[in-house]
Amino acid sequence: MLSGRFLLAVLVITTAISFVQWFFTGFLFHKYQSSTPATWRKESGRSYAASVVISLIFAFVFTTIIYVWKARYGVVSFTDGIKFGIICWATFSVTIEAGNAVYVNYSSKFVVGKCLSALVEYMIAGAVGAAFL
């Protein structure tokens, strides 16, 4: 399981979603965080490092799921990987972000940004996992 292709997929997914998170959360929708300043902790190198570690764990688990799926059912096409990512996004990310927005003082536009970011992240993870394994 821990082949070079597997580890490469994990690293590519981790790198890609780190950039996607920066683009959506840190650039496009960052201004909406200022509408709820008491909600946010101060950003630091430590918080960025923690975010990358969490992305690495996500990439490892997601790649493992694709690997097991492919081992059990055979070919996983690029399109299947993207569809799987969308299904995971709709199941996990949208529900979690919506649930968080109910209890945490987030801007609704920031929640939209987080959901869009997660959609792209899951689609990339599915596509990379399908293509590399």
(message) Under the rule for ring-ring contact (aromatic ring centres under 6.0 Å, His included), what residues qualify as partners of F23, not counting sequence neighbours?
(response) F27
(message) Can you list everything that forms a side-chain contact (heavy atoms from CB on, under 4.5 Å) with F92? Sequence neighbours excluded, please.
(response) C88, Y122
Output a table of donor-acceptor pairs, distance under 3.5 Å, between side-chain atoms of residues 53-67 and any protein atom two or more places apart or on a different chain; print 'none' if there are none.
from : atom 1 : to  : atom 2 : distance (Å)
S55  : OG     : S51 : O      : 3.1
T63  : OG1    : A59 : O      : 2.7
T64  : OG1    : F60 : O      : 2.7

(message) Quick check: is L28 connected to V120 through a chain of hydrophobic side chains (ILVMFWY, heavy atoms under 4.5 Å apart)?
(response) yes
(request) With sequence neighbours left out, write down each residue that passes side-chain contact (heavy atoms from CB on, under 4.5 Å) with L8, or none if nothing qualifies. (result) V12, F132
(request) Could I get the full list of side-chain hydrogen bond (donor to acceptor under 3.5 Å, both in side chains) partners for S3, not counting sequence neighbours? (result) none
(request) Might you point out which heavy atoms bring Q33 and T25 nearest each other, and give the distance in Å? (result) OE1-O, 4.3 Å
(request) Considering non-hydrogen atoms only, spot the tightest contact between H30 and G26 and give its length. (result) CB-O, 3.3 Å
(request) Please write out which residues are connected to Y103 in a hydrophobic cluster, directly or through intermediates, given that two of Ile, Leu, Val, Met, Phe, Trp, Tyr count as joined at side-chain heavy-atom separations below 4.5 angstrom. (result) V102
(request) Using the rule that two of Ile, Leu, Val, Met, Phe, Trp, Tyr join whenever any of their side-chain heavy atoms come within less than 4.5 Å, decide whether V75 and Y73 are in one cluster. (result) no
(message) Please determine whether residues W22 and L11 belong to a single hydrophobic cluster, defined as Ile, Leu, Val, Met, Phe, Trp and Tyr linked transitively by side-chain heavy-atom distances below 4.5 Å.
(response) no
(message) Looking at every heavy atom in both A127 and I82, which two are closest together, and how far apart are they?
(response) CB-CG1, 3.8 Å
(request) Applying side-chain hydrogen bond (donor to acceptor under 3.5 Å, both in side chains), name anything that partners S117, two or more places apart in sequence or on another chain. (result) E121
(message) In this structure, would V20 and I96 fall into the same cluster of hydrophobic residues linked by side-chain contacts under 4.5 Å?
(response) no
(request) Give, for atom CD1 of I124 and atom CD1 of I13, the distance between the pair rounded to the nearest 0.5 Å. (result) 9.5 Å
(message) Strictly by side-chain hydrogen bond (donor to acceptor under 3.5 Å, both in side chains), give each pair with a member in residues 38-50 just once, sequence neighbours left out.
(response) T36-W40, E43-Y48
Using a 3.5 Å cut-off and no angle test, enumerate the donor-acceptor pairs between side-chain atoms of residues 105-116 and protein atoms at least two apart in sequence or in another chain.
from : atom 1 : to   : atom 2 : distance (Å)
S107 : OG     : K109 : N      : 3.2

(request) State yes or no: do V128 and V52 share one hydrophobic cluster built from I, L, V, M, F, W and Y residues joined by side-chain heavy-atom distances below 4.5 Å, directly or via other members? (result) no
(message) Strictly by side-chain hydrogen bond (donor to acceptor under 3.5 Å, both in side chains), give each pair with a member in residues 85-101 just once, sequence neighbours left out.
(response) none
